[in-house]
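Order of the sequence lines fixes the chain letters, A, B, ..., with proteins taken first and strands second; residue numbering starts at 1 for each chain. Fair warning: this is a prediction, and the values are worked out from it, not measured in the lab.
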Amino acid sequence: MKNHDIQHLSKIDSISFRNDLISWFEKEQRDLPWRKDQDPYKVWVSEIMLQQTRVETVIPYFNRFIDWFPTLEEFAEADEERILKAWEGLGYYSRVRNLHSAVKEVQETYNGVVPDTPAEISKLKGVGPYTAGAILSIAYGKAEPAVDGNVMRVLSRILLIKEDIAKPKTRKIFEDAIRELIDPAKPSFFNQALMELGALICTPGVPACLLCPVREHCFAFQEGVQAELPVKNQTRKSRDVQLVAAIITNEKDEFLIHKRAAKGLLANLWEFPNFEIHTQLLPKRSFFQEQFEADFGVKPSVGEFIAKIDHVFSHLVWNVDTFSGKLAPLIDKDVMESSKLRWVSEKEMEDYAFPVSHQKMFAAYKSGTKRLL
DNA sequence: GAGGCGTGGCA
DNA sequence: TTGCCAAGCCT
């Protein structure tokens, strides 16, 4: 660490800072389901769910997840369809596949006990620097930094750190600061308090400094520049993708669904057959039929237009022209298997994990069906 | 290091 | 409406 990176660090009374911060946390912390105990498995699950995801969104998912998989061992033995279903709608689905892989690793290598050293825990899939520090401090009481976006925002203000927090190497500056400031007696509360402060008081935009328990320690507040921090220079441009999809049924009122590839966007989730449109040469119905026949060897009939579904991802936007369609269930059984196609009843669809984009498509289909009755 | 990887809430 | 954000990690 270069000292000039954190010139205000040495001016902080770390004992007083810790006490003010932790006293506030002990009084004001939210009653959250993952704070009921310090089971390393539950702490781990909650930390993975909370990555880039709001607390209010996570709460019901966490409760259901622990209901379905109360212990690390039970989650390790779950099948992939079930774990994806548990994550359906949460986003960033590789999180749950990595968690599953890591939990199985803990079962096999560590006899079912989540490791408590930085070196071991960091080797687990999906456990990066933040999650490692969070589990080690919250579940095991180790004085390790857990630097997330909240911590960088809060500390950038308190210590007047103007490094760009969008740059990966900047995290180390904050980890070094935390190692100086962390309460060795209460590392769990210290780390959680910093994040709680970021969530409740030291928010992005205009923070509630008048309610802040540590504003006397805050150099940004002293200089009135809290709204200018943190510095974050990253704009990720998203790209538009045109798709044509069809909700295809057979004479038994079953739906044709397809399992997505094991890598990439929405990996291993199920979907209604769809294709990306690169050029606009053919009418969309014809394009869909040709692509479908090329991939699966039979040609469906494509019926009425259902809806144009717009769905925004973090890095791209889907624009999906959705049609209804009909197909006799005559696709060869081996082709169905190798093409990862399946006919399922509406009831059976409940057991499959679909991305939100396809839930929107199905909702539009259902409302269209209802209109026809 | 930069970009892939979801979703919903909010100004 | 549009863009930005919210307890990151992987490649």
Side-chain angles (χ1 to χ4, degrees), chain A residues 25 29-30 32-35 43-62 84 87-99 101-102 121-135 137-138 145-155 164-172 174-175 178 188 191-200 202-206 227 230 232-241 260-269 271 309-318 353-360:
Chain A
F25 179 72
Q29 65 167 301
R30 289 168 290 180
L32 300 173
W34 46 89
R35 287 180 174 162
V43 171
W44 187 3
V45 170
S46 72
E47 291 302 339
I48 300 298
M49 285 189 172
L50 286 162
Q51 289 170 7
Q52 303 287 285
T53 311
R54 313 183 102 84
V55 165
E56 310 77 59
T57 303
V58 167
I59 290 172
Y61 279 91
F62 177 83
L84 283 172
W87 217 262
E88 182 185 51
L90 247 195
Y92 288 142
Y93 299 94
S94 66
R95 289 184 293 175
V96 75
R97 292 185 298 118
N98 287 338
L99 178 62
S101 161
I121 203 165
S122 298
K123 283 183 193 148
L124 298 171
K125 274 201 185 99
V127 178
Y130 163 73
T131 305
I135 297 171
S137 60
I138 297 171
V147 175
D148 69 342
N150 281 311
V151 171
M152 290 199 280
R153 182 174 60 257
V154 171
L155 273 196
D164 181 0
I165 66 166
K167 293 189 184 306
K169 60 184 299 187
T170 304
R171 196 194 69 251
K172 188 177 174 1
F174 291 92
E175 286 177 348
I178 295 294
S188 168
N191 282 339
Q192 290 188 75
L194 229 33
M195 293 188 276
E196 196 82 341
L197 189 67
L200 300 181
C202 196
T203 52
V206 183
K232 191 175 184 182
N233 297 318
Q234 191 167 16
T235 57
R236 295 183 181 178
K237 51 186 178 294
S238 69
R239 139 185 102 85
D240 283 358
V241 175
R260 293 178 60 86
K263 289 188 174 181
L265 184 65
L266 306 169
N268 284 352
L269 271 69
E271 64 183 1
I309 302 295
D310 293 315
H311 190 74
V312 180
F313 295 89
S314 50
H315 59 303
L316 52 84
V317 177
W318 271 5
F354 290 86
V356 169
S357 48
H358 287 257
Q359 294 172 18
K360 288 183 192 172

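Not counting sequence neighbours, the partners of Asn268(A) by the side-chain hydrogen bond (donor to acceptor under 3.5 Å, both in side chains) test are Glu80(A). Remark: Arg95(A) pairs with no residue by the salt bridge (Lys or Arg N to Asp or Glu O under 4.0 Å) rule, at least two apart or across chains. Among residues two or more places apart in sequence or in another chain, the salt bridge (Lys or Arg N to Asp or Glu O under 4.0 Å) test is passed with Arg97(A) by none. In this structure Val356(A) satisfies the side-chain contact (heavy atoms from CB on, under 4.5 Å) test together with His311(A), Gln359(A), Lys360(A), sequence neighbours excluded. Residues passing the salt bridge (Lys or Arg N to Asp or Glu O under 4.0 Å) test with Arg35(A), sequence neighbours excluded: Glu196(A).
If you take NZ of Lys232(A) and P of dG3(C), they are 17 Å apart, rounded to a whole angstrom. Counting to the nearest Å, the C1' atom of dC5(C) and the CG atom of Leu50(A) are 15 Å from each other. One interatomic measurement links the two molecules: CZ of Arg153(A) to P of dC4(C), which rounds to 17 Å at whole-angstrom precision. Taking atom CD1 of Ile48(A) as the reference point, atom C1' of dC5(B) lies 14 Å away to the nearest angstrom. Distance Asp310(A) CG to dT2(C) C1': 13 Å, rounded to the nearest Å. We find that CG of Leu99(A) is positioned 20 Å from P of dC5(B), with the value rounded to whole Å. Protein atom CH2 of Trp318(A) is 14 Å distant from nucleotide atom C1' of dG4(B), rounded to whole Å. The NZ-C1' distance, from Lys123(A) to dC10(C), rounds to 18 Å in whole Å.
Across all strands shown, Thr131(A) has heavy atoms under 4.0 Å from sugar-phosphate atoms exclusively, and none from any base. Among the protein residues, Lys167(A) comes within range of no part of the nucleic acid, since none of its heavy atoms lies under 4.0 Å from any strand. Note on Val55(A): a base of the nucleic acid sits closer than 4.0 angstrom, heavy atoms only. Residue Arg35(A) is classed as a base contact, given a heavy-atom separation below 4.0 Å to a base. Heavy atoms of Leu32(A) sit under 4.0 angstrom from at least one base atom.
Here, dG3(B) and dC4(C) have their P atoms 15 Å apart, quoted to the whole Å. Between the C1' atoms of dC5(B) and dA6(C), the separation comes to 15 Å (whole Å). Look at the P atom in both dC9(C) and dG8(B): the space between them is 22 Å, to the nearest Å.
Each of Arg30(A) and Lys125(A) lies near DNA chain C, and the nucleotide nearest Arg30(A) is the one positioned closer to the 5' end.
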Discussion item. Strictly under 4.0 angstrom, non-hydrogen atoms only: write out the protein contact profile of nucleotides 6-11 of chain B, one letter per nucleotide from the 5' end, B, S or -.
Written reply: BBB---
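Here CE of Met195(A) is found 8.5 Å from CG of Leu50(A). Values are rounded to the nearest 0.5 Å.
No donor-acceptor contact under 3.5 angstrom links the side chains of Glu88(A) and Tyr93(A), judged on distance only.
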